[in-house]
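First the structure, in the form of structure tokens, and then the observations on it.
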Amino acid sequence: MKVLSVASEVYPLVKTGGLADVAGALPPALARQGVEMRTLMPGYPSVMGRLGGTGEVVFEYSHLLGVPARIISARVEGLDLYLIESPALFNRAGGPYVDGAGIDHVDNWHRFAALSRAGADIAAGILPDFHPDIVHAHDWQAGLTPAYMRYSGIQRPSIVTIHNIAFQGHFGAQVFGGLELPTYAFALDGVEYYGGVGFLKAGLANASAITTVSPTYAEEIRSAAYGMGLEGLISTRAPVLSGIVNGIDTGVWNPETDPILAETFGPRKLKSRVVNRRAIEARFGLHQDEDPLFVVISRLTWQKGIDLLAEVTDDIVASGAKLAVLGAGDAALEGAFLGAVQRHGGRVGVVIGYDEPLAHTMQGGADGILIPSRFEPCGLTQLYGLRYGAVPVVARTGGLADTIIDANSAALNAGVATGFQFLPVDADGLRGAVRRAVSVFRNPAVWTGIQRAGMRSDVSWDRSAALYAELYASLAPNAPG
Ligand code: ADP
């Protein structure tokens, strides 16, 4: 089975979000399932700079949507890549989507239409040594790929994966001419979207299958509350929609070997976690004691429900727990926590900023991690929490609902509980869940059981890759392997 992945960012080469993690992690995990995945991505300068003369030109366009371009094949960081080398489109400073000042490039429609066009061309067989059985396009940037395939008559199955439906690639109708699609593609079942052109919409309308990054998010985006305008189309396409939860890099996130931790530990050595707890207390200016310690590692935004957390901070302290918050985001929310530190010296601590090593230490020493998100397509911090024995206390939404087993009495009796869920996602819900967690924490045998059950959960990419491989096989039943 050969699959072409089309993505605008791929870890560890370029990353702005979870899409890059998935695009970077799937190829090696799929290889273990017998699937050969190659990845088409833009030849950003940072990526081209890593080729070190190893790239090979495998296709030369006379023009790709009006500009010179060629496709370079290269193996970088263990990934088999096809890079679109096109100085006019991709050789510029800044991030993959924005300029040095953080403003979206005005020709993003052109840049990512070119990515999608090249994806469809590879599906059509322009490369002599790689004829994919399936094309797997990620997010709006690759969303036109299934549309180009359809309007070019390319009979290959395609998949679109939605990592966050908030980003849709919606442009004015004036860009349509530059897409080099037939006029009739500007239609309800084509690329037209609210009078303009919708890249993600075009993908959703034309792909053979749609996935998103958790089964619950797949359900949620069928409703107006989560679908952000696309709920009607998503509902129509529900028969081909499914959710596959992301994995994490269990090599990097391994509490038994993690060199960042003050002390490593495993499920039978949970007492060693105290060394990490002391490190957290020291860093956040918290009292050193055995009271339950909750952490938050998050963007400080409304999506993440951080305003709810600010609202219940006093109650968390009143319940006898301590709170350490690592994050950056809305100034008002940052200020709310700095205020809480003033009120609750030694019980609440805050570090404003992004600090990856500190995030490891926090997962390795906290008793619980609080994740009160209003929506969460998949979420990663709860998966790290499971693996590191920081018991997740989560809103019952998206991937949080799918990855955490609530400590209700049936789950506790069966020994399968891995955390605490709450619904509705409001201050009372969060307050109640923290109270419940604190009360269970007072029973060390039960708490340790929850930690160990979490550490046994399979959060690897292998599990996700097996599900993607199954999906590919169902779409291309005649492909080998
Ligand atoms: P999202 O991508 O919506 O922000 P996720 O839970 O999917 O949420 O991923 C967030 C990632 O960013 C996790 O790896 C988390 O550990 C990390 N992270 C978030 N905020 C911080 C921070 N302030 N410092 C360090 N890591 C952070």
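Just so you know, ligand 1 is whichever comes first in the structure, and atom 1 is the first atom listed for that ligand. Remember, it's a predicted structure, so these values are computed and weren't measured experimentally.
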*asked:* Return the closest protein heavy atom for atom 11 (C) of ligand 1 as residue, atom name and distance.
replied: Leu380 CD1, 4.4 Å
*Less than 4.0 Å between atom 21 (C) of ligand 1 and some protein heavy atom, yes or no?*
yes
_Are any of the N/O atoms on Asp355, whether in the backbone or the side chain, positioned under 3.5 angstrom from an N/O atom of ligand 1?_
yes
*asked:* Under 4.0 Å from a heavy atom of Gly327: which atoms of ligand 1 are those, numbered in the order shown and with their elements?
replied: 23 (N)
_My question is simple, although I want it checked carefully: is atom 2 (O) of ligand 1 less than 4.0 angstrom from any protein heavy atom?_
no
*Output the list of atoms in ligand 1 that are nearer than 4.0 Å to some heavy atom of Tyr384, sorted by atom number.*
13 (C), 14 (O), 16 (O)
*Is Ile297 in polar range of ligand 1, meaning some N or O pair under 3.5 Å apart?*
no
_Test side chain to side chain donor-acceptor pair (under 3.5 Å) applied to Asp314 and His344, step by step_ = CA-CA 8 Å; Asp314 292 353; His344 303 292; 2.7 Å; yes
*Could you walk me through whether Lys201 and His170 pass the side chain to side chain contact (heavy atoms under 4.5 Å, CB included) check?*
CA-CA 9 Å; Lys201 182 262 165 164; His170 190 188; over 6 Å; no
*Are the ring centres of Trp140 and Phe167 closer than 6.0 Å?*
no
*Is Cys378 near ligand 1, meaning one of its heavy atoms is under 4.0 Å from it?*
no
*Heavy-atom nearest neighbour in the protein, as seen from atom 15 (C) of ligand 1, with distance rounded to 0.1 Å*: Thr381 CG2, 3.5 Å
*Is the His136 to Tyr468 ring centre distance short of 6.0 Å?*
yes
*Is the closest heavy-atom distance from Gln363 to ligand 1 below 4.0 Å?*
no
*Should the proximity of Ser298 to ligand 1, defined as any heavy atom under 4.0 Å, be assigned to the side chain, the backbone, both, or neither?*
backbone
*Would you please indicate if the ring centroids of Phe112 and Tyr97 are separated by under 6.0 Å?*
yes
_atom 17 (C) of ligand 1 [closest protein heavy-atom partner, distance rounded to 0.1 Å]_ = Tyr354 OH, 3.6 Å
*Any N or O on Gln303 sitting closer than 3.5 Å to an N or O of ligand 1?*
no
*State whether Arg283 and Asp355 are salt-bridged, where the test is any N-O pair (Lys NZ or Arg NE/NH1/NH2 against Asp/Glu carboxylate O) under 4.0 Å.*
yes
*Between Tyr217 and Tyr226, does the ring centroid distance fall short of 6.0 Å?*
no
*Relative to the ring of Phe265, is the ring of Tyr388 parallel (under 30°), tilted (30 to 60°) or perpendicular (over 60°)?*
perpendicular
